[in-house]
Enquirer: 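Let me give you the structure first, and then I'll get to my questions.
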Amino acid sequence: MSAYFEIRNLKIDYKTYEKQQRVLDIERIAIEKGKTYGIVGESGSGKTVLALAIMGLLPCPPGIIKSGEIIFDGQDLLKKKNKEMGEKYRGNRIAMIFQDPMSTLNPVFTVGYQMIQIIKQHQKLNKKEAYKKAIEMIEVVKLPDVDDIMKKYPHQLSGGQRQRIIIAMALACGAEFLIADEPTRNLDVTIQASILKLMKELQKKFGVTVLFIANNLSLVSTFCDEIGILHNGKIVEQGRVEEVIKSSKNTYTKILIDSVTKGESVTKKKQEKDEVLLEVKSLKKYFPVKKRKSSKLFVKAVDDVDLKIYKGEVVGIVGESGCGKSTLVNTILNLHEPTSGQVLFDGKNIFELDKNQLRKTRKDIQIVFQDPYWSLNPRWLVKDIISEPIKVHEKLNSISILKRVEDLLELVGLPKSSAFKYPHEFSGGQRQRIAIARALAVNPKLVVLDEPTSSIDVISQAQILELLKELRGRLRLTNILISHDLSVVNYLADKVVIMYLGKIVEYGEAIEVFNNPLHPYTKALFNSIPSLESSGIESLVTLEGNVPSAINPPSGCRFHTRCSMANERCSKEMPAMKVYNDNHSAACFLYEQ
Amino acid sequence: MDTRINNLLEIIRPRIKEIRFSFYLLKKNKLTLAAFYIIVTLIVLAVLAPYVIPYPSHISDEANVANKLLPPSREFLFGTDELGRDIFSRVIYGIRISLTTAILAVGLAIIIGVPLGAIAGTIGGWADEVIMRITDIFLSFPPLLLAIAIVSIVGSSLNNAIMAIALSWWPWYTRLVRGQAVSLKERKFIQAAEAIGTSKWKIIFSHVVPNTISPVIVQASMDMGGVILTIASLSFLGLGAQAPTPEWGLMINTSRNYFLNAWWYSIFPGLAIFITVLVFNLLGDGFREIMDPKTRKR
Amino acid sequence: MLSYIIRRLSLGIIVLLGVITITFTIARIIPSDPAVKWAGPRATQEQIQKAREQLGLDKPLIVQFWKYLTNCMKGDLGYSLRTHQPIKEELKTFIPATLELVIIAFIFATIVGIPLGIYSAKMKDQLLDHLSRLFSIGAVSLPTFWVGLFLQLIFYNQLELLPLGGQVSTEIKIMYEIPKVTGMLLFDCILTSNWIVFFDALKHYILPCFTIALYPIGLVARMTRSALLEVLNEDYIIAAKSYGLKDRKVLWIYALKNTLGSTAIVLTLSLGYTLVDTFLVEAIFSWPGLGSYVTTAVTTLDYPAIIGVTIFSTVCYVILNLVADIIIALDPRVRL
């Protein structure tokens, strides 16, 4: 007797140029009815292939299903014809939630039309009944103004709303088995928490069995009863969540667990001198809203920000997408003109420099970007990439440049021979090392790290973090670190800046902020992120409503629309940054006294 | 010295791999491969034309009235024209004319269009606005019409036809490259170069332009067919090549006076145009598929 | 929506201004003196001078341009150097015959080309797909003028089935009254129920129409196929299938609407090609249309006539592009 859902000996190959490669090799996964099974795997581990194979939507070729069974409720799905899968299983009994809610919805039809199409496909209802049913489902996923939403096109909804619609579609026809393939990948953490909560609630309400796939161990372990760790197409370890986490046997699993728990035991040394390197004074950056008749509208991406960065310290900037952290950094890098305000670097306002001085500042401020695939010119040799800043800023002959490049490669832990290779010959982690070498090439005073680890695999992540830490000690670098991953910030940063809707809401020593967050937003942010310790999805804090638009931000405290502690004053007055103790300040009326 | 050679090999190796991969993809599509071989043959014929044709003197206006308008025979494979010249020799020599003119026209269009597109896409702002509006204006002429207008007024000659075609074709490259440049800007290496302090021109010509080469090559290979067709059309209207140049369009134009009793006169040059344009179109189609990142990923 | 259309319209006006500037520039850099041509081959110096004044060539360039511009706006395209008639009037007599050919070709491109592209994409890599691709790539590789000649050889010379050229046979022209309402012959025949002329004309229409329609059919089929295949690869198509929607529905409703924009662009582009192809084909079939007018103008170096036709065709093309843009704007993804 097999389980409700079971995969046995599934072997799937992908045919590529030159060779045929095994991408999935699963011995057994069994899920009991009503349970939640989570698969943790990085990109390329074969998790999407698995999802598509279950749905019978795997493109063949290039995919080849070599052997195996996918048993659902006593039936082998791999033996079903496409037509039968479509009529009896897909959408009807098995449904899927995809990664990217934007590309999953058809852009040229209204949400209502797409809902009704799906409902009519599986249930014999007339138009009116289908409409009613659609509305019912949208209400189930807790979206307000249902009639209005039905008439909207996907691009008119926010990411969170779209994902709710997709969940509604998946459940519209009474699916009993749900595959969720990274359902919160492109969502902000606070929204992610609310979507996860909704999914859990609906799972209980409808008694759905869920196969949850994601790359984030904390997320999966918080959401699921059982987990399986997928690595290079194989389940390397599986079992009940607590067992896997507490007593993992596999090395890969251990690295995964380490990567999310790291940063707790780090002691931060205080910087030696209180010498200001960079000072941001009431900086504003507004972008005009395009394609409108009245061009008086602005996106207030950065609104009145003050910040001091001392020599030798690492400042982490944390915030959800749209909070203005990237704009702030790009303005500091002088890639944007500010709307008003100053950025003093070494005492000089970088916006008032002449061409020569600007070049010198450019030399002193370097950046490492998020995605090393996108930040290295694919047509250039590594030596040319690393020496680009050298050629711009220093006059050296080609032999000394090459020598310098080789030294830099050694510094970041790559062999000298890498100089004559192209970026595509390296893995993500190695590419990020090249990017770091480039940033260090002209001995900058300040290096900006823009999500330096978020698009590389877990094992390299740990190594890159270690490298950054080591380089920091050796070169006494000043860093600005942007990251949405709090463990990374915790690991590297001395100080933390929390941003919300273009404003700094909290600032202080990293240990202080992490252990004793002041601002309600900071608290919500920290508690909405699942961790290995969180006891189930219900323990996560969610924020009501969407992030307000930066074009027309709320009056008073920008967070008051979503703050549970807000009172009348918050909607009228803007709280100023107040120092709470030594090095910890927040902009909230709660701490006025 | 040894390391230098080694380094050089290291640089070339991935390129060779890339080319071999392209060949592998090419081979998967039999039709494209066939087109590729035919084009290679055409190029060889074009280069060797004066040496392989049976009557090299017949490409001039040398008259040999005794042999005029003879049907195809063993002596004259494609028959003869009104001046008694061997049509086979002229058609083969025509490959040379069509290929060189088309390459010149496309090359000229690329030289004008690519830098403009790269500048528009990279710098943006008013430069983008101005360049793209000019591009719009040129693109709003129906294809071929602008070329007809220019040549008919400047004067009919093959060189003018080439220039006129380039003048009406460059906006396509500007558009293409601008789009590429805009999406390249998303790629952070452009921003990285900016943050490093690399100058705008250096960014445009050493970061942006090299990364637009593949789509430009695809576009160029797809345009070759269209340009050959356009040149033939212009010559057919009397606006391109002038007698006695053995240009296919011009030959068909002349043949109209005799075509009801000398079918071979118009048929063979036309077939030559058709085959040449067809193989370039096939190759362009194949190239597009090969260069498509979606195909490459597999 | 309205503001978008207004923006597109103002952009269209800028483009037209640019077009007029370019044509003016071309006309001005002409090597031979238009006044000499106007006055005729045996004109005296005095006569040439008079012609120069008459044509306004003695005024500064900027004044000439202004006059040219305002005249263009009024639809006044100047006088033909050959016939000394207003070009506007001459165009009026030639346009309908060309328009009729273009419209018929366009209809064929739409009703044959689009379905061919759709089925080809649907049956990707099957026999039908291969055949349709081969046909369409062949169609866009054929020199139109040569196809015309080839068809004449077969259907007139060998099979003696169809006439060589012209719109109607000479004897019909003599014996019957040729209806003239819109200037489009077939259409006029239907309007006046003149069936004898209609069927005779129809025979004359077959070859030119087929010749002209070939290119747009191939172009539209190719582009429709690739646009549709691209859409079929999108995530939302896989998602739609995962919800259990029938393949047929996914193709005809979910995918097809997403290709609307690109189809509109292709159809416009194909019209542009057709228009100019007509010029070549008309020359072969002695068709009394714009093409014959242009070819005569080209051989007699009648540059105002050439420029006139260029401006007229470009204006039509700009308007067509505008229509295509508005169709694309119906796509909700285009933010207005």
Enquirer: Taking the side chain as C-beta and beyond, is there a heavy-atom pair between A/Pro452 and A/Leu468 under 4.5 Å?
Expert: yes

Enquirer: Please classify the contact of A/Asn334 with chain B as side chain, backbone, both or neither, using a heavy-atom distance under 4.5 Å.
Expert: neither

Enquirer: A/Ile367 versus chain B, heavy atoms under 4.5 Å apart: side chain, backbone, both or neither?
Expert: side chain

Enquirer: Looking only at atom types and distance, does a side-chain atom of A/Lys348 sit under 3.5 Å from a main-chain N or O of A/Leu353, one as donor and one as acceptor?
Expert: no

Enquirer: Less than 4.5 Å apart, any side-chain heavy atom of A/Ile64 and any of A/Ile12?
Expert: no

Enquirer: If you tally heavy-atom pairs under 4.5 Å against chain B, which of A/Arg359, A/Arg362, A/Gln370, A/Arg438 wins?
Expert: A/Arg362

Enquirer: Non-hydrogen atoms of chain A under 4.5 Å away: do they reach the side chain of B/Ser206, the backbone, both or neither?
Expert: both

Enquirer: I'd like to verify something: which residue of A/Asp450, A/Asp384, A/Asn377, A/Val442 has the highest number of heavy-atom pairs under 4.5 Å with chain B?
Expert: A/Asn377

Enquirer: Counting only non-hydrogen atoms closer than 4.5 Å, does A/Leu358 touch chain B with its backbone (N, CA, C, O), its side chain (CB onward), both, or neither?
Expert: neither

Enquirer: Would you say the side chains of B/Trp169 and B/Asp223 form a donor-acceptor pair under 3.5 Å?
Expert: yes

Enquirer: So A/Leu402 and A/Ile399, do their side chains get closer than 4.5 Å, heavy atoms only?
Expert: no

